[in-house]
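Side chains included, hydrogens not; waters and symmetry mates left out as well; all remaining heavy atoms used.
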Amino acid sequence: MSVSEPNTAFLWTIPALPLLPLLVAAVLAVYEPKDRRKASLWAIGALGTVFAFSLLALIGLASKGAGRMVLNFTWFEFGSTSLRLGWVLDPLSGIMLVMITFVGTLIFIFSTGYMSEDGNYRKFFCYLSLFAAAMLGLVISNNLLMLFICWELVGLASYLLIGFWYHKPEAAAAAKKAFITTRIGDLGLFLGMLWLYSETGTLLFYDGGNGCLEQSALSAMVAKSTLLGMTVSTAVSLLIFCGAIGKSGQVPLHVWLPDAMEGPTPVSALIHAATMVAAGVFLMARVYPLISIAPEGVAVSGGLQVMAWVGAATALFGSLVAIGQFDIKRILAYSTVAQLGYMFMGLAVGGVAVGMFHLITHAFFKALLFLGAGSVIHGCHHEQDIRKMGGLRKRMLITYVTYAVGMVSLAGLPGFAGFWSKDEILHSAWSWPVSTWPFWIGLFGAFLTAFYMTRQMAYVFFGDYRGGENEPHESPINMWAPLAILAASSCLIGLAGTPFIPLFQSFLDQAPVHNHWHWSVLGFWIVSMSVVAAGLATGWWFYGVETPKRSTDPDELEARFPKAFGLFAARLHVDEFYRDSVLRLPGWLSGVAAWLDRKVFAAAVGAGAYAVLILAWLSRFADEYLVNPGFDKGCAETRRGARFLARLQNGQVQEYLRVIGAALALFILVLAMGNK
């Protein structure tokens, strides 16, 4: 869609958006202010300013009716070929910009209280600013190469933040695990990027009809087949999807995401709510024209089918494992894994608007839950085991109320944001022409979500306090104020996408607002509410009726179903499976390499050293006992001959005459003897 004249006023804001947090990160990296609070003020001010710009840009898009504003430029030229990059501002990136900057600013504010006693306070806000800048650059990139650069910067920043407390071995290991695991997915993304460039000759998404996501390029790729009859468009999109699987913690590359909890809690909120894990979903929403295009006569492309099944499997896996966890943040981490699965499933069965709506609502209530968990941890003197909590609703009332809002929104109670977005996914899954299994898996996942969140609430906020002598306390205002804002947002944001007035969907699809209400929707609501109510009731029956009295009391579910609970607590042994299968070969190869290094290469190097030493000894022997004596004797004989010659040439004439006379006599004697 062409850009109308009034909207060109907003174009300059596009490349400027990541610059403020990036500038703050650069300054904090080299300069430490005397008052370290200035570091947080600069970071918060920069991201808050970017939020204002983003909001203005979004309002400009909505009010002026511009569907997409593109700013492309030449980076460099080699021969007759030029490499062009670009920025794009459209409804998809506009919504992401506002969400990232709004939630991110609240997380930054929360961090001022949570990290107030940390010795690396300035460095923490430096890393946060770098993370925010990379994520903003990713969102507004109009070029897959530029997106990939920002994608890798996000990975770098996440490594720095997850391993921020590097003095803890668990944090250092979690940072390495996250970095390496996501690189595995990024390899697929990189190969897909190369293949896409070879097919289209460009990595610009939109370029006046010549971009790789525009109709001419898509038609050419869907018309070509590759291995097993798969279209090139599907093959390329699945390689790109590998990157999304890694970054968004989908099965089988989900293993890094729960361990990322070793970082500070604001990092967990930033990574698991509004930014890093959402990047994979955003990427697939950006390349949705590529993954969704199918040959004529095919209802659903192969790429969307793979995405739907991966999302459904991940939603089920994350929900099951969350049941058996006792770390308050780890429960939320596996919940994030499950909800990301819902997002991918929504993209596959319902389209961009369905998946992105759940991404946006999830960002608010999951950031609320993680920050609420941080408030609980802070109030309980950095305790994270829910068995050592309890009764906090009386001691931390504000945290309890706001956390409860996030919990019911995640569980999907009517009226809260999670209800509207989750039900839209289930409704779309029921109508998916390929299979209804994603619907049933999603419905079962909704039951499990309500169950494990009720379990967590009962452990943390109900019953008696089981934490010992250290009494918990409410967090300061700079920590609970962001919770209150996010709680209000979690109640209100869902109203933008109700079936009655689907403003979110209409804006994202650039279509007029139409009432999507139908009586069939009411049937889905009844089913969904019944399932959620069953999950809440089952959770309360297990944990709320009689909460544990002591931290050593066994879990109620564990007592009744020890084998199943043990399986969930062990995370279905996926990490052990990787250790004993995928990692065993590299481990064995590294052992072989170590043995070769110690026994073969070290021995060869030692033998070489001894050989050189022997040669040195032989050289020394030849030098001292053969060369030197011969040379010395030759020199002595030369001196002796020189002395003899010196006597013959002493400058005395009479001596010369004697020699001449003797020589003459000898000559005559020889002649005389010859005549005889």
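- Take Ala315 and apply the side chain to side chain contact (heavy atoms under 4.5 Å, CB included) test, not counting sequence neighbours, and it matches Tyr342.
- Centroid-to-centroid, the aromatic rings of Phe344 and Phe241 come within less than 6.0 Å.
- Side-chain contact between His362 and Val281 is absent, with no heavy atoms from C-beta onward closer than 4.5 Å.
- A salt bridge does not link Glu556 to Arg455: none of the charged nitrogens lies less than 4.0 Å from a carboxylate oxygen.
- In terms of modelled atom types and a separation under 3.5 Å, the side chain of Thr181 and the main chain of Lys177 share a donor-acceptor contact.
- Looking only at side-chain heavy atoms (C-beta outward), Met407 and Thr454 come within less than 4.5 Å of each other.
- Tyr121 has its ring centre less than 6.0 Å from the ring centre of Phe125.
- Side chains of Asp118 and Trp165: a donor on one and an acceptor on the other come within 3.5 Å.
- Each of Phe108, Phe164, Tyr114 was checked for a side-chain contact (heavy atoms from CB on, under 4.5 Å) with Pro266, and the lone residue meeting it is Tyr114.
- Ring pair Trp420/Phe357: centre-to-centre distance not below 6.0 Å.
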(message) I'd like to know whether Asp464 forms a salt bridge (Lys or Arg N to Asp or Glu O under 4.0 Å) with Arg550, so could you lay out the CA-CA distance, the side-chain angles of the two residues, the decisive distance to 0.1 Å, and finally the verdict.
(response) CA-CA 9 Å; Asp464 299 322; Arg550 298 175 299 275; over 6 Å; no
(request) Check the pair Ser530 / Ile526 against side-chain contact (heavy atoms from CB on, under 4.5 Å), numbers first and verdict last. (result) CA-CA 6 Å; Ser530 301; Ile526 294 173; 4.2 Å; yes
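- Put simply, CG on Asp259 and CG on Asp575 are 6.5 Å apart, with the number rounded to the nearest 0.5 Å.
- Thr538 has its side chain within reach of Phe447: a pair of non-hydrogen atoms, C-beta onward, lies under 4.5 Å apart.
- For the pair Ser431/Phe439, no side-chain contact is recorded, criterion being any heavy-atom separation below 4.5 Å from C-beta on.
- From Leu283, atom CG reaches atom CG of Leu189 across 6.0 Å, with rounding to the nearest 0.5 Å.
- Leu410 contributes atom CG, which lies 15.5 Å from atom CZ of Phe364 (distance to the nearest 0.5 angstrom).
- Residues in residues 556-576 take part in these ring-ring contact (aromatic ring centres under 6.0 Å, His included) pairs, two or more places apart or across chains: Phe326-Phe565.
- By the 4.5 Å heavy-atom criterion applied to side chains, Glu474 and Met479 are not counted as neighbours.
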(request) For the pair Met99 and Leu359, evaluate side-chain contact (heavy atoms from CB on, under 4.5 Å) and give the outcome as yes or no after the intermediate values. (result) CA-CA 10 Å; Met99 182 273 290; Leu359 184 151; 3.7 Å; yes
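- With contacts defined as side-chain heavy-atom distances shorter than 4.5 Å, the pair Phe451/Trp541 does not qualify.
- Checked by atom type, the side-chain pair Thr449/Lys422 shows no donor-acceptor distance below 3.5 Å.
- For the pair Asp385 and Lys388, the salt-bridge criterion is not met [side-chain N within less than 4.0 Å of a carboxylate O].
- Inspection of the Gln456 and Tyr403 side chains reveals an N or O donor paired with an N or O acceptor under 3.5 Å.
- Ser319 and Tyr452 share no donor-acceptor pair across their side chains, judged by distance under 3.5 Å alone.
- Within the 4.5 Å cutoff, no side-chain heavy atoms of Thr265 are placed close to those of His378.
- For His381, the ring pair (Phe, Tyr, Trp, His ring centres under 6.0 Å) partners are His473, not counting sequence neighbours.
- Annotation: side chain of Met389 is in contact with side chain of Ile328 (closest heavy-atom distance under 4.5 Å).
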